[in-house]
Amino acid sequence: MLELHQITQAAQALAQARHIVCLTGAGVSAESGVATFRDAQTGLWARFDPQRLASQEGFAEDPGLVWRWYSERLRMVEAATPNPGHLVLARLEGVTPAFTLVTQNVDDLHERAGSQQVQHIHGRIHIFRCNYCRAEHALQPGERTQELPPRCLACGDQVRPDVVWFGEALPEQVVEIAWRAAEACDVMLVVGTSGVVYPVAELPLLAKRAGAVVIDVNPQCNPISEIADIFLQGAGGVILPQVMNALSAGF
Ligand code: BV8
Ligand code: ZN
């Protein structure tokens, strides 16, 4: 059960931090109605494995199914609105000397909540690229709802969302920023990730080894809460406003 002193402890660490890295996962968007990655398989998607759909093999096997899965998820993101957890992280960015937000989420809810600098380490679902030549593709009307992925105007290959699939490399520039920030920060605030996808799951331990205080916000215990200095067990949309209130009230 969450103790008040843990909230105060977290607020003190955040208030004294010169540089905060915040790492978010699908859990931070859960209260906005965007299904988390591992339970995104509700209803008709329940019979598919997301790790299969989010891969070159899955796309090669059934491009139409993968295209429809992403179109459905994008529709969910567009219907969603940022929740209090997103809003607190945007405010925290504004009051911290150095703040690096690294998100595993492919949605744009952090941006819509007012976060200025968002590092999308697993890409973005609303940007589209050719799977072969990687040319960016502006969706034409109707392409989103068609059965098969659109064709690249430059080379004719299939178009896909600009997200990182399993087995694909992470964007180099973002990796550079994220790893450097994790090594330099005073506090790493982790919100809503199951901590099972690599190499991003290494970041909290890297930060801890470099001397940072690690705070984990999650309703469930997970590999990151095991190594965290402060584990705030609960929903991000509830916990983060409590931490912000303690911070603003000077604890
Ligand atoms: C790579 C984009 C190499 C797509 C995603 C064996 C061992 C170790 C590693 C591997 C292995 N075999 C393969 C690997 C590597 C693999 C990997 O880690 N696999 C794991 C699953 C074993 N990693 C990769 O393939 C990566 N690439 O390694 O490439 C390489 C190098 C050079 C050159 C070529 C290749 C790429 C990984 C990226 C995959 N793409 N997403 C898309 O979205 O469709 S990952 C996907 O899972 C999500 O995007 C997210 O990024 C990631 C983690 O999910 P979470 O965000 O944590 O969400 P999840 O649902 O899991 O958990 C939600 C959490 O929220 C829970 O803890 C829950 O309790 C909590 N929660 C719920 N409600 C709330 C809440 N928290 C707060 N508030 C709430 N209200
Ligand atoms: Zn192309």
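Counting starts at 1 for both ligands and their atoms, following the listed order. Numbering starts at 1 and runs along the sequence shown.
Atoms of ligand 1 found under 4.0 Å from any heavy atom of Ala169 (numbered from 1 in listed order, with element): 32 (C), 33 (C), 34 (C), 35 (C). Less than 4.0 angstrom separates some heavy atom of Ala30 from each of these atoms of ligand 1: 73 (N). Remark: ligand 1 atoms within the under-4.0 Å shell around heavy atoms of Gly236 are 77 (C), 78 (N), 79 (C). Those atoms of ligand 1 with a heavy atom of Ala26 less than 4.0 angstrom away are 55 (P), 56 (O), 58 (O). Against a heavy-atom cut-off of under 4.0 Å, Trp165 is close to the following atoms of ligand 1: 36 (C). The Glu31 neighbourhood of ligand 1 comprises atoms 78 (N), 79 (C), 80 (N), with distances under 4.0 Å to a heavy atom of that residue. Counting atoms of ligand 1 from 1 in the listed order, those under 4.0 Å from a heavy atom of Gln51 are 21 (C). The distance from ligand 1 to the heavy atoms of Tyr70 drops below 4.0 Å at these ligand atoms: 4 (C), 42 (C), 44 (O).
Looking at every heavy atom in both residues, Ala26 comes nearest to Asn105 through N-OD1, 2.9 Å. The shortest heavy-atom contact between Thr96 and Ala17 is CG2-O, 4.2 Å.
The shortest distance between side-chain heavy atoms of Leu153 and His137 falls below 4.5 Å.
A salt bridge is absent between Arg73 and Asp107; no separation between the charged side-chain nitrogens and carboxylate oxygens falls under 4.0 Å. Electrostatic pairing of Arg144 and Glu78 counts as a salt bridge here, judged by a charged N lying under 4.0 Å from a carboxylate O. The pair Arg134-Asp162 counts as a salt bridge, with a side-chain nitrogen and a carboxylate oxygen less than 4.0 angstrom apart. In this structure, Arg209 does not pair ionically with Glu183, as no charged nitrogen and carboxylate oxygen lie closer than 4.0 Å.
Of the candidates His122, Glu168, Glu172, His122 brings a heavy atom nearest to atom 38 (C) of ligand 1. Summarising the contacts of atom 63 (C) of ligand 1 with Gly25, Pro50, Gly192, Gly167, the nearest heavy atom is found in Gly192. Nearest residue to atom 4 (C) of ligand 1 from Asn218, Ile125, Val164 is Val164 (criterion: closest heavy atom). Nearest residue to atom 50 (C) of ligand 1 from Gln104, Glu202, Gln220 is Gln104 (criterion: closest heavy atom).
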key: side chain to side chain contact (heavy atoms under 4.5 Å, CB included) between His86 and Ser29, worked out   = CA-CA 8 Å; His86 292 110; Ser29 298; 3.4 Å; yes

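Within the 4.0 Å heavy-atom criterion, the part of Val196 lying near ligand 1 is the backbone and not the side chain. Under 4.0 Å from ligand 1, not a single heavy atom of Asn222 appears.
Between the SG atom of Cys130 and the SG atom of Cys152, the angle centred on the Zn ion (ligand 2) amounts to 110° when rounded to 10°. Between Cys133 atom SG and Cys155 atom SG, the angle centred on the Zn ion (ligand 2) amounts to 120° (nearest 10°).
Between the side chains of Gln104 and Thr193, at least one donor N or O lies within less than 3.5 Å of an accepting N or O.
One N or O on the side chain of Arg160 and one on the backbone of Val163 form a donor-acceptor pair closer than 3.5 Å. Checked by atom type and distance alone, the side chain of Gln6 pairs as donor or acceptor with a backbone atom of Phe231 at under 3.5 Å.
Ligand 1 has a nitrogen or oxygen under 3.5 angstrom from a nitrogen or oxygen of Arg73.
The shell of residues lying under 4.0 angstrom from ligand 1, judged by heavy atoms, includes Pro219. Not close to ligand 1: Val191, with no non-hydrogen atom less than 4.0 angstrom away.
Ring centroids of Phe128 and Trp67 are separated by less than 6.0 Å, placing the two rings close together.
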